[in-house]
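Following: one structure in structure tokens, then a few remarks.
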Amino acid sequence: MAKTSKTWAMLHAKCPRCRRGDMFTGRVYSLTTNRINLDCPRCNMHFEIEPGYFYAAMYVSYALNVGTSFTIAMLTYFITGNTTSPWLYTGVIIGGCFLFAPIIFRASRVLLLY
Ligand SMILES: [Zn+2]
């Protein structure tokens, strides 16, 4: 197997130390299962580096949500050209955040570990 790059490991939510073990039990981009492995199945690295790590991940997750919301709002504008209805944007953004929540949940933890 080829040496895995850091970017590849991040995109696939692999362990930051050995880049082989999965950080999550489910598929990375599935929208259903959402459990994090507490330890790397390959090298036994403990993923919760310090107490409050998952609390800090909430802030990263919040920042990602803001970015996602902004992107969704821009896309909505370009697709619909709507500039008068704030409810359209509110609805689309909330829907989008729910849709992307599991992915943001994983991405925030991956980003924090690297
Ligand atoms: Zn590992």
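Taking CZ from Phe70 and CG from Leu75, the interatomic distance works out to 10.5 Å, rounded to the nearest 0.5 Å. Between atom CD1 of residue Ile79 and atom CE of residue Met74 there is a gap of 11.5 Å, rounded to the nearest 0.5 Å. Here CE of Met23 is found 14.0 Å from NE2 of His12. Values are rounded to the nearest 0.5 Å. Atom CZ of residue Arg109 and atom OH of residue Tyr114 lie 15.0 Å apart, to the nearest 0.5 angstrom. To the nearest 0.5 Å, atom CZ of residue Arg20 and atom SG of residue Cys15 are 11.0 Å apart.
Taking 4.5 Å as the limit, every side-chain heavy atom of Trp8 sits out of range of all side-chain heavy atoms of Arg19. For the pair Leu111/Met10, a side-chain contact is recorded, criterion being any heavy-atom separation below 4.5 Å from C-beta on. Met45 is listed as a side-chain neighbour of Pro16, based on a closest heavy-atom distance under 4.5 Å.
Side-chain atoms of Arg106 never come within 3.5 Å of backbone atoms of Ala13 as a donor-acceptor pair (strictly under, hydrogens ignored).
Tyr62 belongs to a hydrophobic cluster with Val66, counting contacts under 4.5 Å between side-chain heavy atoms of Ile, Leu, Val, Met, Phe, Trp and Tyr, direct or through other members.
Cys40 approaches Gly21 most closely through the heavy-atom pair SG-CA, 3.8 Å. When all heavy atoms of Thr76 and Thr80 are compared, the closest pair comes out as O-OG1, 2.7 Å. Contact record, Cys18 with Cys43: SG-SG, 3.7 Å, taken as the closest heavy-atom pair.
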Sequence neighbours left out, cut at 3.5 Å: what donor-acceptor pairs do the side chains of residues 86-104 make with other protein atoms?
| residue | atom | partner | partner atom | Å |
| --- | --- | --- | --- | --- |
| Tyr89 | OH | Asn82 | O | 2.1 |
| Thr90 | OG1 | Pro86 | O | 2.7 |

